[in-house]
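Everything below concerns the one structure shown next.
Every chain is numbered from 1, with letters handed out A, B, ... down the list of sequences. Computation of the quantities below employed the complete heavy-atom set of this structure, encompassing side-chain atoms and omitting hydrogens, waters and symmetry-equivalent molecules.
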Amino acid sequence: MSDLHQPVLQWYDEHARELPWRGPSASAWSVMVSEFMLQQTPVARVLPVHEQWLSRWPSPADLAAEPSGEAVRAWGRLGYPRRALRLHAAATAIVQRHGGEVPEEYDDLRALPGIGDYTAAAIATFAYGRRHVVLDTNVRRVFARAIQGVQFPAPAVTKAEREVALAVLPGEEDAPTWSVAVMELGALVCTAASPRCADCPIAGLCAWRSAGHPAYDGPPRKTQAWAGTDRQCRGRLLAVLRDSDGPVHRSRLDAAWSDEGQRVRCLASLVEDGLLVHAAPDVYALP
DNA sequence: AAGCCGTGGCC
DNA sequence: TGGCCAAGGCT
């Protein structure tokens, strides 16, 4: 197992991208903001927004001091805007419970809104050098192939995956670099659709490659519908608010989505989620 | 625990 | 062209 360490670490040393939330100068808050934004959103789209956020809100207290609607607006088109709400709520909790400092303990991080197993491990590891199993989609795919010998991991994280990841996790000294290196390998080389095995530092050790790249034979992987869904409708409605300076009249929202029943339902769900407020009769605004 | 939650680029 | 995919979390 530890045969993997040296080649992966060396490959990372030579090929790692320089990203603003990596390196010794990045604050824990910068790491935390990046992890929220990177949940299901590619690096290239996160970069400019992350820079704006850190410039405008250099600490959790700076963000917590503003209305949550400012976070939603500044989230722009990153998608899944509830993440902006949760990040704002997490910043508020950090001010209230942790003196304004991003907590260092996994359990404290895990208790914050919007932080699940992956993000708690990532912040503890990358911001504080702690030793935790970091299992994101990239790491899961690399281990599925290199160690388990299958093309794709199971739909949900399994106990066996956690055990494998823990078994190959190096000591605290190398744990953070190891995790970010495996993630980077998955992002740049061991990609989902067309892996570049010729450029892979562990191709010679890869169980999937040794087995002749057998095709995935697990349960069908779910693909998300989009056109005409509530998600598309919610996105359209929220975009109207984001692109306006202040509150908007309902007529503007009516123009954004023709199906009235769906529009009314989605408007209600946005208010329920806290992404919109009903400011006055027929007037909506960001919170 | 299976389904829901945005958005845009890519092959 | 359009399904697939991207540093998940919540219920």
Side-chain angles (χ1 to χ4, degrees), chain A residues 12 16-17 19-22 26 30-50 72 75-87 89-90 109-127 132-143 151-158 165 176 179-188 190-196 216 219-243 256-257 265-266 269-270 272-276:
Chain A
Y12 182 73
R17 292 169 291 182
L19 301 174
W21 47 85
R22 287 182 183 162
S30 175
V31 173
M32 178 170 162
V33 171
S34 80
E35 291 300 342
F36 270 74
M37 292 182 171
L38 288 165
Q39 291 168 0
Q40 300 285 282
T41 302
V43 166
R45 286 174 39 212
V46 165
L47 280 169
V49 184
H50 179 271
V72 173
W75 197 252
R77 306 186 68 80
L78 288 182
Y80 292 148
R82 290 191 292 191
R83 291 182 292 166
L85 235 36
R86 292 177 187 143
L87 183 48
L109 290 162
R110 186 66 180 76
L112 295 171
I115 296 188
D117 290 336
Y118 162 75
T119 303
I123 296 172
T125 297
F126 302 140
H132 291 280
V133 168
V134 177
L135 265 190
D136 79 320
T137 188
N138 290 305
V139 175
R140 295 186 65 216
R141 188 175 54 250
V142 170
F143 289 168
Q151 187 179 18
F152 295 116
V157 176
T158 64
S179 289
V180 75
V182 177
M183 288 174 64
E184 192 80 336
L185 187 63
L188 299 182
C190 193
T191 56
S194 49
R196 304 165 52 197
Y216 177 77
R221 302 197 294 159
K222 49 179 178 279
T223 170
Q224 301 175 336
W226 176 245
T229 61
D230 283 4
R231 298 162 72 187
Q232 184 184 28
C233 178
R234 286 166 53 106
R236 291 272 180 81
L237 295 174
L238 199 58
V240 172
L241 270 295
R242 228 173 24 227
D243 297 340
W257 195 262
R265 178 174 73 244
C266 289
S269 76
L270 287 169
E272 172 70 19
D273 287 347
L275 285 164
L276 281 188

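- Put simply, chain A comes within 4.0 Å of DNA chain B, heavy atom to any atom, from dC5(B) to dG8(B), going 5' to 3'.
- The main-chain N or O of Val72(A) is never found under 3.5 Å from a side-chain atom of Arg242(A) such that the two would form a donor-acceptor pair.
- In this structure, Leu238(A) reaches neither bases nor backbone, as no heavy-atom distance under 4.0 Å exists between it and the strands shown.
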Nucleotide-resolved protein contact map, nucleotides 4-11 of chain C, B/S/- at heavy-atom distance under 4.0 Å: SSBBBSS-
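- For dA1(B) and dT11(C), the C1' atoms lie 10 Å apart once the distance is rounded to whole Å.
- A distance of about 14 Å separates the P atoms of dC10(B) and dA7(C), rounded to the whole Å.
- Among the heavy atoms of the strands lying under 4.0 Å from Arg231(A) is at least one base atom, whether or not backbone atoms are also near.
- Panel note: side chain Arg82(A), backbone Leu275(A); no donor-acceptor pair is recorded below 3.5 Å.
- The backbone N or O of Ile115(A) lies less than 3.5 Å from a partner atom in the side chain of Arg110(A), making a donor-acceptor pair.
- Using atom C1' as the reference point in both dC5(C) and dC5(B), the two lie 16 Å apart (nearest Å).
- Judged purely by distance below 3.5 Å, without hydrogens or angles, the side chains of Gln224(A) and Arg231(A) pair a donor atom with an acceptor atom.
- Note that CG of Leu276(A) is 9.0 Å distant from CZ of Arg234(A), once rounded to the nearest 0.5 Å.
- One C1' atom belongs to dA6(C), the other to dG6(B), and the distance between them is 12 Å to the nearest Å.
- Within 4.0 Å (heavy atoms only), Pro81(A) reaches sugar-phosphate atoms of the nucleic acid but no base atom.
- Under the 3.5 Å distance criterion, the side-chain polar atoms of Arg17(A) are left unmatched by any main-chain donor or acceptor of Glu184(A).
- Remark: the backbone N or O of Trp21(A) is not paired with any side-chain donor or acceptor of Ser34(A) at under 3.5 angstrom.
- With Thr119(A) contributing its side chain and Gly116(A) its backbone, the two residues share no donor-acceptor pair below 3.5 Å.
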